[in-house]
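A quick write-up on the structure given underneath.
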Amino acid sequence: MLYIGIDLGTSAVKLLLMDGEGEIKNVVSKDYPLEFPRPGWSQQDPEDWKNAVLESIPELLCGFDATQVAGIGTGGQMHGLVVLDENNNVIRPAILWNDGRTAKQVDYLNGVAGKEKLSQLTANIAFAGFTAPKLLWMKENEPDLFARISKIMLPKDYINYILTGIHCTDYSDASGMLLLDVEHKRWSQEMLEICGISETQMPKLFESYEAVGTLKPDVAKALGLSDKVVVCAGAGDNAAAAVGTGTVGEGACNISLGTSGTIFISSETFGVDPNNALHAFAHADGHYHLMGCMLSAASCNKWLMEDIFQTSDYAREQAGITPDKLGNNHVYFLPYLMGERSPINDTDARGTFTGLTMDSSRSDLTQAVLEGVAFAIRDSFEVAKASGIRVDRSKLCGGGARSPLWKTILANVLNIRLDVLESEQGPGMGGAMLAMVACGLYPTVANACGKLVRTAETISPDPEIAARYEVRYQQFRQIYPTMKDLFPILQ
């Protein structure tokens, strides 16, 4: 049988067709626009997601026996606010995970409602990207539209609704809304009240690997599929990517170098970072995880290469950065181009180059960006270590993981081994694997991971380079505290 995995990303949707043994049969990708109506704002039209998915599935199946498709699973960008009216029409563009318009609402939730109370109710505090602050922003700034809300959904849940007609979400994605009681896996009535909404406006909750329904007959016909194809609840992109990399069970770790950057540590039991610098979320395997998320990771390198250097030849720009230069760069980069989430939670923070001199080169700037992202990921690692969590190795995925240089930098900055996978397809692969569990091909998510995920190479740190980076990291971590009070003045 065949399974479709959908990765609903920020800039494009990527679909893959996989068989039950984990072989990727076909991949299709379609871009869609991203809107920045004001500085720090980020939104998209959910209809663009819908059209891209519905157009891509027939392309994905071209040349294959569509009757063999058994299930569909989606991993999607988290936190985005999708609101439908009573006729299930989209009310306004979706406010995305990297949108920073909600600083006032975040301050209200953390200051007035209180961080301690939020943590008790949801296991997390408010961050600008989360869904609850977006609802408060909409309530204050778009009251007429807010009054029309009949259903509140997340991006990948809107796709599942289009496919099945069911308003659903999963625990991993719902964890990032600041509306879910993560420990007990139920909507927090008190948080719903704070946001001025009711449980009837919320989607039904499922485990990621549970079937929510089957394809609607009209959709199945349009796609050339059977209306018996199972659609599972799917997962937030990071939890889905963790499944795709086999990051399940106690203490397993995955780092993603995508548009955003994440450190994902799975756990068999519920636990909260006492300082709430890391998110405490449900995992797609039915358990839990801690996660640190930086808003700009590979997107920082893309910005430097394409917008500043006006080139798409990433490899050429990195070619001159030889091992002797690692840990010896005098230029530092703060990767806060969209503000920052973990662990500083500062929407006013901005990207900076520090330490420039007359002999600073193009290559130095490139190296600084790669190192700055690695240093910022280490910031979240330090929080995990302070909580007593020990990570000796991690899986590595995302577009940035294709760079041999960046892999080497990251392994040495973190001073751990990094496992790169034989087949790394991110949230799409995780979505397909969740669909396999929903269809009964594998009994558990862990069982599917054990059968399908294989390591291609391991990058180990070099003691000399790691020692140099230790010195550089201790210098890097002083830059943001020094500049913190300046950022709001510059806005």
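Remember, it's a predicted structure, so these values are computed and weren't measured experimentally. Reckoned from all heavy atoms, side chains included, excluding hydrogens, waters and symmetry mates.
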Point to revise | More than 12 heavy atoms from other groups under 6.0 Å of CD on Glu86 | key: no

**Study point:** NZ (Lys451) with more than 12 external heavy atoms under 6.0 Å
**Key:** no

Point to revise | Within the 6.0 Å centroid threshold, strictly below: Phe281 and His289 | key: yes

Point to revise | Close aromatic pair by centroid cut-off 6.0 Å: Phe264 and His283 | key: yes

Exercise for review: For residues 214-237, pull every pair meeting ring pair (Phe, Tyr, Trp, His ring centres under 6.0 Å), keeping only residues two or more places apart or in separate chains.
Suggested key: none

Exercise for review: Could you walk me through whether Thr262 and Asn238 pass the side-chain hydrogen bond (donor to acceptor under 3.5 Å, both in side chains) test, one step at a time?
Suggested key: CA-CA 8 Å; Thr262 60; Asn238 291 298; 3.1 Å; yes

Flag, side chain of [X] to backbone of [Y], donor-acceptor distance under 3.5 Å:
X	Y	value
His79	Ala128	no
Glu140	Leu136	no
Asn26	Leu60	yes
Arg378	Val413	yes
Ser172	Ala282	no
Ser226	Lys228	yes
Ser299	Thr259	yes
Trp187	Pro203	yes
Ser42	Phe36	no
Gln77	Gly9	yes

Just wondering, do [Y] and [X] contact through their side chains at under 4.5 Å, heavy atoms?
X	Y	result
Ile149	Gln201	yes
Gln425	Lys14	yes
Thr164	Thr214	no

Distance in Å, [X] [atom1] paired with [Y] [atom2], rounded so as to fall on 0.5 Å steps:
X	Y	atom1	atom2	answer
Met291	Cys253	CE	SG	12.0 Å
Asn301	Ser296	CG	OG	12.0 Å
Thr408	Leu410	OG1	CG	9.5 Å
Ile4	Thr74	CD1	OG1	9.5 Å
Arg148	Ile91	CZ	CD1	5.0 Å
Ile344	Asp379	CD1	CG	8.0 Å

Exercise for review: Kindly indicate, with the supporting measurements, whether the criterion side chain to side chain contact (heavy atoms under 4.5 Å, CB included) is fulfilled by His279 and Phe130.
Suggested key: CA-CA 11 Å; His279 309 319; Phe130 283 9; 3.7 Å; yes

Whether the [X] and [Y] side chains hold a donor-acceptor pair (N or O, under 3.5 Å, no angle test) is what I'd like checked.
X	Y	result
Thr122	Asn124	no
Trp97	Thr10	yes
Ser403	Gln318	yes
Arg362	Gln367	no
Glu47	Tyr32	no
Asn88	Tyr161	yes
Lys139	Gln105	no

Check your understanding: Tyr480 vs Tyr336 aromatic rings, parallel, tilted or perpendicular, using cut-offs 30° and 60°?
Key -> perpendicular

Do you know which two heavy atoms are closest between [X] and [Y], and how far apart they sit?
X	Y	value
Leu16	Met429	CD2-N, 3.4 Å
Leu223	Leu54	CD2-O, 3.5 Å
Gly73	Ala435	N-CB, 3.8 Å

**Study point:** side chain to side chain contact (heavy atoms under 4.5 Å, CB included) between Leu84 and Asn89, intermediate numbers included
**Key:** CA-CA 5 Å; Leu84 308 182; Asn89 295 316; over 6 Å; no

Point to revise | Evaluation steps, side-chain hydrogen bond (donor to acceptor under 3.5 Å, both in side chains), between Tyr3 and Gln68 | key: CA-CA 8 Å; Tyr3 302 85; Gln68 293 298 300; over 6 Å; no

Point to revise | Derivation and outcome, side chain to side chain contact (heavy atoms under 4.5 Å, CB included), residues Arg38 and Arg101 | key: CA-CA 9 Å; Arg38 295 187 190 179; Arg101 76 184 72 184; over 6 Å; no

Review point. Checking side-chain contact (heavy atoms from CB on, under 4.5 Å) against Val383, which of Ile263, Leu278, Asn276 comes through?
Key: Leu278

Exercise for review: Only one of Thr245, Val420, Asp419 passes side-chain contact (heavy atoms from CB on, under 4.5 Å) with Cys397; say which it is.
Suggested key: Thr245

Point to revise | Residue pairs, two or more places apart or on separate chains, that pass salt bridge (charged side-chain N to carboxylate O under 4.0 Å, His left out) and touch residues 156-174 | key: Lys156-Asp170, Lys156-Asp173

Point to revise | Residue pairs fulfilling salt bridge (charged side-chain N to carboxylate O under 4.0 Å, His left out) with at least one residue in residues 205-227, sequence neighbours excluded | key: Lys185-Glu207

Point to revise | Pair Lys134 + Asp99, salt bridge at N-O below 4.0 Å | key: no

Practice item. Under the side chain to side chain contact (heavy atoms under 4.5 Å, CB included) rule, what do Ile72 and Val230 come out as? Steps first, then yes or no, please. Key: CA-CA 6 Å; Ile72 299 174; Val230 171; over 6 Å; no

